[in-house]
Structures are given as C-alpha cells and as structure tokens.
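First the structure, in the form of structure tokens, and then the observations on it.
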Amino acid sequence: MDPIKLKEIEKKWQKKWKEAGIFEADVDKNKDKFFLAHAYPYPSGPTHHGHARAYLFDDAIARYKRMKGFNVLYPMGWHCTGNPAMIKAEKIRKGDEETIEKLKEAGVPEEEVKRLRDPYKYVRFFATESDLSYKSCLETVGCSIDWRREFMTIDETYKKFIQWQYSRLREMDYVQQKEYPVIWCPDQEMPLGDNDVEDESQGAESEEYVAYKFRIETDGKEILLPAATLRPETVYGVTNMFLNPDLDYVVAEVGDEEWLLSHDAYEKIGYQREDVSLIEEFSPESIIGDYCKNPVTDEEVIILPADFVKGGSATGVVMSVPAHAPYDHIAIKELEKKEDVLKKYDIGAEELDFDYIGLIDLEEYGKCPAVDVAEELEIKKLDEEKLERATKEVYRKEFHQGTLNENTAYPGKKVNEIKDKVKEDMLAGGLAEIYYDTNKPVVCKCGAKGVIKLVDDQWFLKYSDREWKASSLDLLEGAEVVPEKYRKELEYYLDVWMGDKPCARKKTLGTELPFDKNWMVEPLSDSTVYMAYYTIAKTINQENIDGEELENSVFDYVFWGKGDPENCKIENEILEEMREEFLYWYPLDMRIAGTEHLSNHLSFMIFQHAALFNEERWPKGITIHGMVLDENGNKVSASKGNGYNMKEIAKGGMVDAMRLGMYAKSSPWDDIRFGKKEVDRTIENVSSRFQKLFKYVEMVDEESGETKDVLDRWILSKMQRHVGNTEDALERLELMEAVNHGFYAAFNDIKDYVNKKENLNHNVFERVINIWIRILAPFTPHLCEELWDRMGGDGFVSEEDWPETNDEMIDEAAERGKKLGDTIEDDIREIKDITGLEKPEQIKIVSSAVWKREMKAAVQEGKELSELMKKDRFRKQGDDAARYFRELKKKHEEVDVMSCEEEIQALEEMKDYFEQTFQAEVVLEREEESDEDKAGKARPGKPAIVLKD
RNA sequence: GCGGGGGUACCCAAGCGGCCGAAGGGGCAGCGUUGAGGGCGCUGUGCACGUAGGUGCUUCGUGAGUUCGAAUCUCACCCCCCGCACCA
C-alpha cells in the first residue's frame with residue numbers, strides 16, 4: 001500500500017460521509033442523545049497540527065459514542081468577536097512588513113493578503129474560506145461535525161441571541177455599571193489585554209498609588225508635589241523627597257490646584273481625570289535643596305536630587321522613607337558621598353543628617369528594617385537586583401507581621417488590617433489622591449505606549465454575587481470533570497477568585513449592549529452559553545431566518561417556554577421545531593476546552609448557565625484538553641512556524657497515522673511534545689503498521705485450516721479483552737490507554753497469532769479482523785472505512801455498532817495455554833544461551849507431576865505441611881514434597897493451577913510451532929513417566945525442559 | 001505572593017501497597033530476510049556472577065518514617081510546569 005493510495009482513501013471517505021450526511025444529527029426521540037461542544041476557535045491566523053489535536057480528541061469521542069448507539073451532536077462555530085483580527089487587519093492596512101511577511105510564509109497568496117486588511121474578511125478567511133482555515137483543518141483530519149449548525153459570532157442572528165442574553169441578565173440585576181481603571185491604548189482608543197500588547201509588556205497590571213500632596217511655596221505660589229506610593233501607611237516616616245534633576249517636569253493645573261508632575265505623568269493623568277491642563281514646563285533644579293511640607297505630619301522635609309527616579313514610573317515625585325524602604329536608605333547613603341552634587345544644590349552635610357523614623361514594629365528587626373536588611377544582604381550601592389529583593393523582603397514581612405507604632409496615628413494596628421483604612425482617611429481628608437499606573441511599561445502591538453484609563457461607566461457582570469456563586473458551585477458539583485484533578489481549581493475560581501468582570505468595551509468586533517449602545521459586549525462574555533445556540537442554528541440556517549425576526553420573545557419561548565409564540569415574527573411551526581431541538585439536545589453532555597480556559601470561558605459558562613437556565617439544563621460534563629509543544633517545549637503556533645498545516649499531512653495521506661500517533665502520545669489533557677520531526681517519525685512508524693493491516697485483510701480470504709486450536713481460542717479470547725479494555729478506557733476518555741489496548745496490544749497479539757499459526761483459521765481470523773477494524777474506527781476512521789469496505793462490510797463502519805463484549809468468549813484455559821507456550825519458548829532460548837547448545841536435536845518438555853499441582857492448590861488454600869504430609873500421595877514423595885512445600889511458601893503466587901491434561905493438550909497443539917522455531921524434535925512427557933534427571937524440576941505451569949544434542 | 005498540577009530507566013509515558021527490574025512507544029544493539037547501513041521480522045536493552053530456565057546487588061526527585069513488604073501510604077525538603085482576568 002503506497003502513500004498515494006492512502007491519500008485517496010482519506011479524500012474518498014470524507015466525500016462519501018458528506019454525501020451520505022452521516023454526521024448530521026437530527027432529533028430522534030427513540031435514541032439517547034449525546035451532545036458535545038468544543039470551545040469554538042478564534043480564527044486569528046493559520047492553523048497547524050496543534051489545533052488539530054484539540055479537536056481530534058472530540059472526534060474520537062463523538063465517533064465512539066455514535067457506535068455505542070447514541071445520537072451524537074457534534075457541531076462547530078467560529079468566535080469572530082474580539083480584537084486580534086482587528087489589529088492584524090489594521091497592520092495589513094498600514095502595510096506592516098512583518099505581519100504581511102508572516103502571512104505569506106504561512107501560505108497566504110500574495111493577492112489575498114491585501115484583502116485581509118478588512119477584519120471581517122480576515123476572520124472569514126481563517127475561519128472557513130481558505131486551506132489555512134480552521135474549517136479546512138477540521139475537515140482534513142476527518143472530524144465528524146454536523147456542519148449544518150455552523151455559525152459565526154458576528155452573524156446578525158447570533159448577535160440577537162447575545163442581546164437577549166444580556167437583556168435578561170440586566171433584568172436579573174447581574175449586569176451593573178461602575179468606575180474601573182483599565183490598561184488603555186491611546187491610539188486605538190481601546191483597552192488592552194495581554195493578547196494586545198508586546199511580549200515584554202505581558203503580565204502588566206494596573207496599580208493603585210496613593211499620591212500625597214506635599215506642599216512647597218515657590219515664586220509666591222503654592223505648588224503641590226504629589227508623591228505616589230503603594231504604601232500609604234509609611235507617610236509618617238518621610239524624611240525627604242526625591243526629584244530627578246535630569247528629568248522633564250511640568251506644573252499642571254489639576255482641579256483648582258497646581259501639581260508638579262513628570263512630563264510622562266502629565267501625559268498619562270489626563271486619562272484618569274478631565275480637570276487637568278498644562279501651566280508651564282518646570283525645572284526641578286530650582287527647588288532641589290528646598291524644603292516642602294508633609295501634608296499629614298506638617299513636618300518640613302528636604303528635596304534631594306536623585307537620578308534613579310524615572311519619569312515613566314508613577315508621578316516622578318518620590319517620597320523617601322529610609323527606615324522601611326531599602327532603596328531610599330541606600331540612595332541617601334550614596335548621596336552623602338557625592339560632595340559635588342551636594343555643593344551644586346547648596347545642601348549642607350548636616351541637612352542629610354536627619355534621623356530615620358521607624359513606624360512598623362517587627363519581631364526580628366530593629367527600628368529600621370530597611371537598614372537591617374540592607375546590611376544583611378551587604379548592599380552598598382544602588383544595585384538593582386539586590387535592592388529589588390530587599391524591598392520585597394521588607395515589604396512582605398512588614399505587611400504580614402508588622403504593627404504600626406506610636407509614630408503613626410494608628411498605633412497597635414496591624415499593617416495588613418489598617419492599610420486600606422489609612423488610604424480612605426487620607427483621601428477623605430483631601431491630603432492625597434489616587435493615581436493609577438501600570439506596574440511595568442506597556443507597549444501596544446500597534447506601537448503606542450499604554451496608559452491607565454479610568455472608565456467611570458464600565459459595565460460589569462456581577463460575578464461577585466454570593467447567590468450567583470452558590471448556584472454556580474451547585475452546577476459544578478453536579479457536573480463531571482475530566483480529569484477530576486481540575487475540579488478543585490475550578491471550585492477555587494468560582495468560589496474565591498472570581499470578582500466582578502467588565503463585560504463590555506467601547507471598540508471591538510461584536511455585539512452592542514442592548515441597553516447601552518455605546519458599548520459592545522466584551523468578546524469573552526459573548527461566549528458563555530453559545531452551546532444552546534447550536535441546537536437552533538440548524539433551523540436558523542435552513543429557514544434563512546434573519547436577525548430582525550429573532551426578538552427576545554423568540555428566545556424566551558425557545559429556551560424557557562415562556563411567553564406567547566403568537567407574538568413572534570417567526571412561523572409557529574418553525575418556532576416549535578427550534579423549541580423541540582433545544583429540549584431534545586440540551587443540556588450539553590460534554591464541554592471541551594483547554595486548561596487555559598478554566599478561569600475564564602469555563603467559569604463563565606458555569607456562571608451564565610446557572611443564571612439563565614434551570615437546573616435540568618445545566619451542562620453535565622467539562623473536559624480539559626492539553627496542547628502541543630515542539631521538540632524544545634515551546635507551544636506550537638502559527639507565528640513560530642513550528643507546526644504542520646494539515647494539508648501538508650493530508651498530501652501524503654497520513655492523517656490517520658498522525659491521529660493515531662497523537663492519541664497514543666499521552667492522555668488528552670496532558671501537553672504533548674510533538675514537533676514536526678516527531679510527527680514525521682510517528683507517521684512513518686504508524687503507517688508501516690497500517691500496511692500490515694491491509695495485508696491481514698487480504699489474508700482473511702486465503703486458504704485456511706479448519707481446526708480451532710489453542711491459538712485460535714486464545715486470539716478470540718484476547719480480542720474480547722481488547723474490546724473490553726478499549727471500551728473501558730474510552731468511557732474514561734483515556735484515549736492513550738484506549739489506543740494502547742485497541743491498536744498496539746491487539747496488533748502485537750494478532751502479529752503473534754499470524755506468526756505462530758501455520759494455517760490461519762478463516763472464520764476465526766475474519767472475526768478477529770472484523771472486531772479490530774470496529775474498535776479502531778474512532779481513531780483511524782478513513783483507514784477503517786477502507787478496510788471495512790474491502791472486508792465486504794455493508795455501509796459505513798462509522799455507523800456500525802461497537803463490538804459487544806461477551807464474557808463467554810473469554811477462554812482462560814486458552815490464555816493459560818498460550819502463556820505456557822510463551823514461557824517455554826523464552827526458557828528454551830535462555831537455556832540455549834547459557835549452555836551454548838546452538839542446535840539441539842531434541843527438546844523434551846516434561847509436564848509436572850500431579851501431586852505438585854495438588855500441593856500447590858492446597859498451599860494456596862493455606863494448608864500447612866504437617867497436615868499435607870498425612871496424605872499418602874505427598875508422603876511418598878518424601879523430602880521432595882517438603883522441599884517443594886517450602887518453595888511454594890516462599891513465593892506465594894496467585895495463579896490458577898493448570899491440570900496435566902490441559903497442559904499437555906496445549907503443548908501438543910503448539911508442538912509444531914516449537915519444532916519449526918527451534919528446528920528440533922519436540923517430545924512431550926509427563927513427570928511421572930519420565931526418565932530424565934531434570935524431570936524433577938518441572939513445576940505446574942513451568943514444565944522441565946531438557947535439550948539434547 | 002495566591003491557587004492548581006507534576007518529578008518513573010537513554011527519551012516520551014503507564015503504574016499509585018505484594019503478580020514491579022517496573023506496560024506501551026521511541027531510540028540503541030545483535031541476528032535473520034534483502035541488491036542495500038533502507039524496509040520488514042525476531043531478539044536483547046540496570047549491574048555482576050552462572051555450561052540449565054537461576055542467584056546476588058541496585059533503581060522510580062532527596063531525606064526520614066509506617067509496614068512482613070513501598071515507585072505506590074505519611075512527613076519534611078529540593079526542583080519543574082500552568083493560571084492569576086477583562087484577553088482570546
């Protein structure tokens with residue numbers, strides 16, 4: 001079987017499946033249904049074998065369930081709402097070389113690339129309209145999807161579904177508005193998630209600073225120095241201020257005050273408040289060396305020069321608390337040594353000789369933990385790395401264990417308990433204001449610098465609601481989680497971690513909030529209950545229903561059975577069909593998604609189902625899949641170019657080989673290392689086994705022997721076990737285990753059978769291969785269809801029943817017999833090896849005496865020697881009996897004892913095989929009748945073996 | 001930091017109290033077949049000893065413990081991975 005034929009096979013059967021529509025699922029009340037839904041993909045770029053793996057998991061399950069007699073609904077849609085496509089399209093429009101080059105490399109034709117500057121064309125291209133698309137990928141690997149239910153989240157009909165959802169959630173008061181700081185791109189005027197920013201900006205977060213307004217008089221007017229800190233409780237310990245003389249500062253009007261801000265901070269603050277305007281540029285040098293007033297303590301503190309203050313970080317005005325901030329302490333020590341600098345600003349040495357003010361009591365430290373830690377770590381200068389560590393150390397201890405002392409207004413209070421109160425008090429007293437900044441610089445993928453924008457009318461989903469959380473936890477409790485180890489994590493997300501979630505944004509591809517058209521539903525929040533939409537998508541597509549017709553009343557009726565169908569614009573009959581589909585298919589039986597979705601998609605799905613549907617419609621199962629890594633452990637991704645497009649695999653007709661290899665690699669929920677090279681190797685290995693399969697199918701029709709010997713009974717018995725084990729593994733979704741049994745173990749047994757059988761028994765072999773093809777069908781469907789066809793099977797193997805397991809077909813005697821044969825074969829080899837007898841003339845196999853079998857059975861029952869020796873048949877063996885007894889006691893095996901007859905019978909039937917294999921005469925004897933010295937070594941299940949020249 | 005998951009022979013990966021020197025796959029080695037260092041088949045793959053299928057020692061991140069018995073249970077320690085949101 002050459003690869004070209006394999007390729008034809010895959011195409012051929014995909015076409016036949018499609019023509020026969022065998023994966024199209026309709027309501028059939030005589031059958032149990034099984035509804036599985038994989039996270040619908042976001043078509044952000046070309047697909048690769050990493051994507052394929054995720055969906056192949058579903059496909060094997062869907063196919064297996066179908067064979068088990070379920071009416072399986074396996075649909076797919078496209079999540080097109082969101083930003084990545086918009087950003088990509090924008091880049092193409094701007095002619096960004098890198099983006100365009102990458103697309104070309106991935107195989108997008110030059111003339112197509114230009115078209116993709118339209119975000120809608122972009123998502124369509126990668127969802128369905130090209131060889132690089134997801135749909136193409138899924139079709140190429142043979143996913144058994146009902147395509148009649150396909151939809152995109154930018155369809156008008158789907159948008160109506162989302163609007164229904166949000167209208168109803170709003171009525172339940174689960175959607176609310178409040179103030180919220182977001183990371184924001186000033187150029188695109190939209191919030192930035194991790195996906196939208198450059199790699200080095202990943203993980204950036206918004207931090208809330210408290211800016212204390214220190215006062216200074218200059219040129220007869222009062223300027224405020226807003227010193228931003230993350231530790232508001234330390235304001236009582238300020239000894240000085242730091243400004244960077246080399247940095248650009250401005251004085252700005254903020255409300256009715258005048259603030260000194262770094263130039264960077266001035267540009268940012270406008271996104272947080274509107275009452276800001278520039279007054280003038282301002283040189284900090286004019287006030288360095290002067291004194292300003294702490295708004296809380298009214299202490300006068302000196303303003304010192306500091307080149308480590310960066311403009312991009314917070315306000316550019318830094319208050320110094322050397323007792324608790326190692327950085328401040330070291331900076332002051334450094335400055336003491338710089339006489340020229342001090343001279344320049346006319347700062348006297350005595351002015352630096354201030355006392356540090358300790359505020360926080362800690363057991364293991366003195367008054368100034370920062371000084372202690374600096375000494376401990378031997379920090380002598382502004383060494384970034386060490387200071388970073390020291391700062392964290394001090395902060396952690398002070399926050400968790402520290403208590404404020406009498407130098408503060410909160411003596412005796414624990415830091416972690418009073419921190420928020422301090423902030424509130426200061427804000428209320430007008431002594432400080434909130435200033436937001438990112439914890440590290442943010443660069444948007446569009447190139448702009450990210451800022452924090454304070455949005456004052458942000459819409460939230462109220463995931464913090466305790467009742468809502470409670471019913472979500474109920475839902476989870478009633479659902480199956482595979483693998484079970486992820487349940488705890490999900491529980492934690494639902495119960496503890498999840499807070500209110502912004503569910504709308506100003507600019508994105510998607511759906512308008514029905515009650516506030518200024519906002520679009522945020523892309524994760526429109527993907528929570530879409531599984532319900534699949535149930536009606538078929539009707540919507542087939543009946544060409546448009547968005548106009550899908551008013552809220554339609555969904556109320558279809559999903560809830562509420563309201564009057566007469567009020568709907570849709571024909572009653574069609575409406576009833578939708579209702580029927582929903583009632584039949586819902587709830588979802590299995591929801592599949594990657595681990596990275598536990599805290600978002602999956603948690604949101606749980607929340608929203610809990611809110612929108614009754615308990616009997618809640619999802620019944622959640623299943624996690626892992627991802628594909630390359631040989632270096634990096635995620636396979638389009639941008640890295642380290643994956644195969646499925647078309648490349650299909651070109652060689654190697655889809656089934658790849659499928660099998662993937663399943664065999666690891667459990668579906670674990671990540672697998674499966675780079676291109678590994679794919680190649682696996683495909684080669686697996687497809688060579690496939691050739692064997694074709695050969696076996698041909699052999700079924702060969703002339704054959706009729707007797708049904710121990711090997712025949714053995715292989716039939718083993719096939720029963722393989723079916724049972726494969727089924728058991730599939731029920732637990734353990735695809736690797738299933739493939740190990742159904743493919744590899746069965747393969748090895750069948751190979752062994754064929755090798756050892758001189759004349760195949762036609763009936764037996766046909767049965768074996770028939771069973772085998774059926775249990776392989778979920779994994780390698782194209783191959784199995786072809787083999788099924790060649791075997792003369794009717795219809796599609798995809799529609800066949802899963803083989804029944806039948807305990808009566810398990811033949812333990814035959815299995816013992818075969819095992820006996822294997823043991824003897826191994827032993828003969830070993831003896832040959834040790835003795836150096838290359839070519840023995842004769843091999844004598846001596847089956848052990850009856851009394852040994854009896855004794856073994858007796859010992860397994862727990863009988864003692866004294867008891868046994870009362871019996872003649874043992875006593876007359878004398879010392880041999882006692883010796884054997886001791887041996888048995890030592891080993892205590894739990895194996896069934898074969899009878900003499902059984903042993904001899906099995907050996908008789910395998911005699912030919914031994915003679916052929918070892919090219920020697922094989923003689924069978926019973927221990928009782930043997931003259932051989934070594935006959936005494938015979939044991940039940942382990943005959944004595946004598947080789948003779 | 002918080003939460004979750006892991007560390008098994010050359011590699012991947014099962015096993016989760018006795019049948020475990022540890023499944024399966026890969027790799028590697030030998031033999032056979034073959035025109036071939038390719039394909040296929042068979043065999044081997046911790047160490048040592050052994051002219052009879054055996055025996056001894058040693059191994060499942062590290063250390064200690066429970067047990068007649070531990071890769072499997074308990075405790076401590078070390079290391080790795082994942083998620084931490086408004087982003088798909």
Side-chain angles (χ1 to χ4, degrees), chain A residues 39 41-44 79 81-85 180 182-183 191-197 202-203 205-206 392 395-396 399-400 458-461 463 483 485-493 495-505 508 522-525 527 594-601 603-604 626-627 629 631 633 661 664-667 669-674 678 681-682 684-686 688 691-692 695 734 736-737 739-741 743-745 747-748 751 755 823-824 826-837 891-895 917 934 937 939 942-947:
Chain A
Y42 183 91
S44 58
H79 189 205
T81 39
N83 298 323
Y180 190 68
V182 293
I183 299 177
L192 297 173
D194 248 6
N195 281 9
D196 308 321
V197 300
Q202 302 264 326
E205 285 172 45
S206 157
K392 274 190 181 157
Y395 178 80
R396 209 184 70 228
F399 181 75
H400 291 289
Q458 173 68 53
W459 288 99
F460 282 86
L461 277 161
Y463 287 146
K485 67 183 178 189
Y486 286 116
R487 183 184 292 280
K488 269 194 198 164
E489 201 172 337
L490 267 171
E491 242 165 42
Y492 170 77
Y493 289 138
D495 194 14
V496 183
W497 179 80
M498 193 90 94
D500 292 344
K501 152 126 178 83
C503 64
R505 50 192 344 195
T508 189
E522 174 275 323
L524 289 181
S525 301
S527 300
T595 41
E596 69 276 20
H597 290 153
L598 286 164
S599 67
N600 45 62
H601 277 300
S603 295
F604 303 160
M627 59 187 177
L629 311 174
E631 34 280 297
K665 202 84 183 116
S666 180
S667 291
W669 33 87
D670 292 330
D671 293 347
I672 55 171
R673 232 170 239 247
F674 205 48
E678 181 98 25
R681 264 212 306 269
T682 303
E684 199 176 314
N685 178 281
V686 174
S688 79
Q691 318 225 350
K692 202 86 195 176
K695 209 168 119 200
E734 283 279 12
M736 176 177 72
E737 212 180 314
V739 167
N740 273 347
H741 285 119
F743 185 69
Y744 287 103
F747 186 90
N748 288 343
K751 196 168 65 178
N755 282 343
T823 312
I824 291 174
D826 282 349
D827 287 349
I828 294 173
R829 266 183 232 287
E830 194 164 347
I831 296 166
K832 274 174 63 181
D833 211 40
I834 294 164
T835 58
L837 275 170
K891 286 197 171 169
H892 65 84
E893 296 172 287
E894 295 283 337
V895 189
T917 306
K934 295 206 158 59
K937 295 200 107 182
R939 298 284 178 269
K942 201 168 168 66
I945 295 163
V946 187
L947 304 194

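Only a predicted model underlies this, so the values are computations on that prediction, with no experimental measurement involved.
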Worksheet item: Which base, if any, makes a Watson-Crick or G-U wobble pair with B/C16, both distances under 3.5 Å?
Response: none

Item to complete: Can you tell me the distance, in whole Å, between the NE2 atom of A/H597 and the P atom of B/G83?
Response: 11 Å

Practice prompt. Could you pull out the closest heavy-atom pair between A/E678 and A/K665, with the gap in Å?
Written response: OE2-NZ, 3.0 Å

Worksheet item: How close do A/P502 and A/E522 get, heavy atom to heavy atom, and via which atoms?
Response: O-OE1, 4.0 Å

Item to complete: With P as the reference atom in both, quote the distance from B/C20 to B/U55 in angstrom, rounded to an integer.
Response: 15 Å

Worksheet item: If we call it a pair only when both distances are under 3.5 Å in a Watson-Crick or G-U wobble match, what pairs with B/U55?
Response: B/A48

Fill in: Interatomic distance at C1', B/G50 relative to B/G63, whole Å
37 Å

Discussion item. Does B/G25 have its OP1 or OP2 closer than 4.0 Å to a side-chain nitrogen or oxygen of A/N685?
Written reply: no

Discussion item. Please report the interatomic distance CZ(A/F674) to OG(A/S666), rounded to the nearest 0.5 Å.
Written reply: 11.5 Å

Worksheet entry | Which nucleotide in B/A23, B/A88, B/A14 has an atom nearest any side-chain atom of A/M736 | B/A14

Worksheet item: Would you say B/C42 has OP1 or OP2 under 4.0 Å from some side-chain N or O of A/K751?
Response: yes

Fill in: No-H, no-angle donor-acceptor pair, A/Y180 side chain to B/C86 base, under 3.5 Å
yes

Discussion item. If I take atom CD1 in residue A/I945 and atom C1' in nucleotide B/G53, what distance separates them, rounded to the nearest angstrom?
Written reply: 6 Å

Worksheet, complete the sentence: Atom OH of A/Y493 and atom P of B/G83 are separated, to the nearest Å, by 9 Å

Response to the item:
Checking N1-N3 plus N6-O4 or O6-N4 for Watson-Crick, or N1-O2 and O6-N3 for wobble, each under 3.5 Å, the partner of B/G69 is none

Item to complete: For B/G5 versus B/A9, give the span between their C1' atoms, rounded off to a whole number of Å.
Response: 23 Å

Worksheet item: Is B/G63 paired to anything, Watson-Crick or G-U wobble with both distances less than 3.5 Å, and if yes, which nucleotide?
Response: B/C75

Item to complete: Would you please classify the geometry between the A/F747 ring and the A/F743 ring as parallel, tilted or perpendicular, with 30° and 60° separating the classes?
Response: tilted

Fill in: Length of the line joining A/K695:NZ and B/G39:P, which is rounded to integer Å
16 Å

Worksheet item: Should B/G1 form a Watson-Crick or G-U wobble pair with both distances under 3.5 Å, which nucleotide is its partner?
Response: B/C84

Discussion item. Using whole Å, what does the distance between atom P of nucleotide B/C82 and atom CG of A/D670 come to?
Written reply: 14 Å

Discussion item. Taking 4.0 Å as the cut-off, does a side-chain nitrogen or oxygen of A/S688 come that near to OP1 or OP2 on B/C40?
Written reply: yes

Fill in: Atom C1', compared across B/A88 and B/G39: separation rounded to whole Å
46 Å

Discussion item. Can you check the distance between B/G83 and B/C75, where both ends of the measurement are the P atom (answer in whole Å)?
Written reply: 28 Å

Worksheet entry | Between C1' of B/C2 and CG of A/L598, the distance in whole Å | 16 Å

Discussion item. Pairing check on B/A9: which nucleotide meets the Watson-Crick or G-U wobble criteria with it, both distances under 3.5 Å?
Written reply: none

Worksheet item: Which nucleotide in the set B/A88, B/C2, B/C86 lies at the smallest distance from any side-chain heavy atom of A/P502?
Response: B/C86

Fill in: Side-chain N or O of A/N755 closer than 4.0 Å to phosphate OP1/OP2 of B/C42
yes

Fill in: Integer angstrom distance from the P of B/U45 to that of B/C10
14 Å

Practice prompt. Give a yes/no on whether any side-chain N or O of A/N748 is located under 4.0 angstrom from OP1 or OP2 of B/G25.
Written response: yes

Worksheet item: Is the CD atom of A/E684 crowded by more than 12 outside heavy atoms at less than 6.0 Å?
Response: no

Discussion item. Can you measure A/K501 atom NZ to B/A88 atom P for me and round it to whole angstrom units?
Written reply: 8 Å

Discussion item. Taking only the P atom of each, what is the distance from B/U34 to B/G15 in whole angstrom?
Written reply: 43 Å

Item to complete: Once you apply the 3.5 Å cut-off to both distances, tell me the Watson-Crick or G-U wobble partner of B/U33, or none.
Response: B/G39

Worksheet entry | Spacing of the C1' atoms in B/G69 and B/C19 (rounded, Å) | 14 Å

Practice prompt. Can you see which heavy atom on A/I183 is nearest to which on A/S206, and at what distance?
Written response: CD1-N, 4.4 Å

Worksheet item: Do we see a donor-acceptor contact under 3.5 Å between the side chains of A/H79 and A/T81?
Response: yes

Fill in: Nearest-nucleotide comparison on RNA chain B, the residue closer to the 5′ end among A/Y744 and A/V182
A/Y744

Discussion item. Closest approach to the side chain of A/N740, judged atom by atom: which nucleotide of B/A88, B/C84, B/A23 is it?
Written reply: B/A23

Practice prompt. For A/E734 and for A/K488, locate the closest nucleotide of RNA chain B by heavy-atom distance; then report the residue assigned to the nucleotide nearer the 5' terminus.
Written response: A/K488

Worksheet item: Taking CG from A/D495 and P from B/C84, how many angstroms apart are they, rounded to a whole number?
Response: 19 Å

